[in-house]
J.: 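This structure is in structure tokens; I'll ask about it shortly.
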Amino acid sequence: MRDLKDDPLGLSDHILTWYDNHARALPWRISPKDRALGIQPDPYRIWLSEVMLQQTTVAAVKDYFHRFTQRWPTVQKLAAAEDGDVMGEWAGLGYYARARNLLKCARVVTDEYAGVFPTTHDSLLKLPGIGPYTAAAISSIAYDLPETVLDGNVERVMARLYNIDAPLPGSKPQLKTLAAALTPNRRPGDYAQAVMDLGATICSPKSPACGICPWRDPCLARTAGTAQSLPQKTPKKPKPTRRGHVYLARASNGDWLLERRPDKGLLGGMLGWPGSEWSEDPAPNPPFASDWRDLGGEVRHTFTHFHLILQVLVTELPTQYPPTERHLRVAADDFRPSDLPTVMRKAFDLWHSQ
DNA sequence: GAGTCGTGGAC
DNA sequence: TGTCCAAGACT
């Protein structure tokens with residue numbers, strides 16, 4: 001039943017009706033029509049999609065989701081995968097701690113929960129890589145429990161609906177309270193997806209389509225004419241520029257010298273080229289002494305909190321030469337540029353274009 | 001709580 | 001070109 005106390009205007013019913021007619025078809029989604037027929041989502045697919053969607057667009061996730069579910073159809077299959085295979089499949093999607101935690105979580109669910117994801121917010125929150133948002137998303141979307149999702153979309157929608165001036169992230173608790181008050185006990189899973197869909201399509205950051213919004217009448221920001229400028233955010237720090245060197249050593253038979261990066265820190269657990277530190281003025285640090293030739297061009301890449309300019313140096317890899325244990329000699333047939341994080345793939349692309 | 005952690009598309 | 005932003009988590 002509807003919560004008349006917290007939702008006197010029946011906003012949740014209204015947006016659910018909108019969702020019934022406008023829900024986007026997504027690979028991991030059960031349509032509202034199918035849900036009404038009693039079809040339940042696969043919690044494994046909901047969990048996988050939600051982790052992939054953290055700070056990532058639907059468009060970027062789709063192909064990865066298909067490859068992962070095709071290769072590992074169940075959480076038990078994923079739990080049994082080799083670490084390197086999962087990292088390689090995740091390559092290019094970014095935020096690689098997600099992939100490491102994904103595998104940890106799959107193994108916990110397999111070993112300690114018999115392959116069945118828990119249903120409650122608190123139990124989900126204890127799993128690796130599952131924070132407040134993802135716990136609420138799995139609980140509501142996969143199990144249809146009345147938890148409140150608070151992602152960037154919901155924050156924006158609530159800030160506008162109630163015309164909240166206070167800047168994020170400080171205003172987050174207030175927005176959470178407002179969002180919780182609207183969460184219905186009826187169809188909470190569809191409701192969660194409805195609010196996020198609204199934020200992703202109509203109530204967009206730059207130019208919201210208020211004219212066709214199902215909540216245009218009750219929206220206080222629309223009345224006040226402030227929708228486009230909400231939510232306010234505290235200003236960000238400028239990004240410094242760092243420099244570095246990477247070393248591409250290729251043998252005459254096509255073998256490459258790569259390294260597995262340490263699990264913690266930037267690009268943790270991913271393959272990469274041996275290289276220098278990344279700093280304002282990095283010291284050269286070739287993996288072995290040789291006549292390293294500068295490729296000439298530069299690799300430019302921007303991370304979350306700094307810009308990077310890489311100098312690419314190349315030489316021939318001596319026969320039977322793995323300098324240290326962390327280095328890997330990868331045969332040409334086993335080398336797939338798609339296994340590399342994007343910044344490392346850019347360095348390869350520069351070599352390839354020469 | 002502020003820093004860290006990727007990438008690509010939109011504007 | 002640069003900036004912002006995306007279904008955030010972890011430290």
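Computed from a predicted structure; not experimentally measured. Below, chains carry the letters A, B, ... as their sequence lines are ordered, and counting in each starts from 1.
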J.: Among A:Leu310, A:Leu295, A:Val314, find the residue that satisfies the side-chain contact (heavy atoms from CB on, under 4.5 Å) test when tested with A:Leu350.
T.: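 When side-chain contact (heavy atoms from CB on, under 4.5 Å) is applied between A:Leu350 and each of A:Leu310, A:Leu295, A:Val314, only A:Leu295 qualifies.
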J.: If only side-chain N and O atoms of A:Arg345 are considered, is one of them under 4.0 Å from the OP1 or OP2 phosphate oxygen of B:dG8?
T.: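 Checking B:dG8 against A:Arg345, a side-chain N or O does come within under 4.0 Å of OP1 or OP2.
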J.: To the nearest Å, give me how far apart NZ (A:Lys62) and P (B:dG9) are.
T.: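 So the NZ-P distance, A:Lys62 to B:dG9, works out to 14 Å.
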J.: Going through the checks in order, is the side-chain hydrogen bond (donor to acceptor under 3.5 Å, both in side chains) test met by A:Gln54 and A:Tyr133?
T.: CA-CA 9 Å; A:Gln54 290 168 6; A:Tyr133 164 76; over 6 Å; no
J.: Would you classify A:Gly268 as touching base, sugar-phosphate or nothing, given that sugar-phosphate means primed atoms plus P, OP1 and OP2, and contacts are heavy atoms under 4.0 Å?
T.: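 Touches nothing.
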J.: Rounded off to whole Å, could you give me the CG-to-C1' distance for the A:Leu267 and B:dT7 pair?
T.: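 Between C1' of B:dT7 and CG of A:Leu267: 11 Å.
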J.: Rounding to an integer number of angstrom, what distance separates C:dA9 and B:dG8 when you compare their P atoms?
T.: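 It works out to 22 Å between them.
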J.: May I have the distance from A:Met344 (atom CE) to B:dG6 (atom P), rounded to whole angstrom?
T.: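 These atoms are roughly 11 Å apart.
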J.: Provide the distance between the two P atoms, one in B:dT4 and one in C:dA7, to the nearest whole Å.
T.: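 Approximately 24 Å lies between the P atom of B:dT4 and that of C:dA7.
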J.: Could you check whether A:Val343 gets within reach of a base, just the sugar-phosphate, or nothing at all, counting any heavy atom under 4.0 Å?
T.: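 Sugar-phosphate contact only - A:Val343 comes under 4.0 Å of backbone atoms but never of a base.
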J.: OP1 or OP2 of B:dC5 versus the side-chain N and O atoms of A:His305: is any pair under 4.0 Å?
T.: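 Checking A:His305 against B:dC5: at least one side-chain N or O falls below 4.0 Å of OP1 or OP2.
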J.: How many Å lie between CE on A:Met52 and P on B:dG6, as a whole number?
T.: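 Value for this atom pair: 16 Å.
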J.: Tell me, please, whether A:Phe348 has A:Arg345 positioned over its six-membered ring: NZ or CZ under 6.0 Å from the ring centre and within 45 degrees of its axis?
T.: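 Negative - A:Arg345 is either too far from the ring of A:Phe348 or too far off its axis.
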J.: For A:Arg71, I'd like to know if atom CZ has over 12 heavy atoms of other residues, nucleotides or ligands within 6.0 Å.
T.: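 Yes.
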J.: Round to a whole Å and report the spacing from CZ of A:Phe303 to C1' of B:dC5.
T.: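 The answer, rounded to whole Å, is 10 Å.
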J.: Relative to the 5' end of DNA chain B, which residue comes earlier, A:Gly92 or A:Pro169, by the nucleotide with the nearest heavy atom?
T.: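 Final value for this comparison: A:Pro169.
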J.: Produce a footprint string for nucleotides 1-11 of chain C: one letter per nucleotide, 5' end first; B if the base is under 4.0 Å from any protein heavy atom, S if only the sugar-phosphate is, - if neither.
T.: ----SBBBSS-
J.: Which comes earlier along DNA chain B counting from the 5' end, the contact point of A:Leu340 or that of A:Lys237, where each point is its nearest nucleotide?
T.: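 This one resolves to A:Lys237.
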J.: Can the ring centroids of A:Phe303 and A:His301 be said to lie less than 6.0 angstrom from one another?
T.: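 Yes, ring centres under 6.0 Å apart.
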J.: By side-chain contact (heavy atoms from CB on, under 4.5 Å), which residues pair with A:Ala180, not counting sequence neighbours?
T.: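 Applying side-chain contact (heavy atoms from CB on, under 4.5 Å) to A:Ala180 gives A:Thr148.
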J.: When rounded to the nearest Å, what value does the distance between C1' atoms of C:dG8 and B:dG1 take?
T.: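 Straight-line distance between the two C1' atoms is 16 Å.
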J.: How about A:Trp273 and A:Trp351: are their ring centres within less than 6.0 Å of each other?
T.: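 No, they do not, as the ring centres are separated by 6.0 Å or more.
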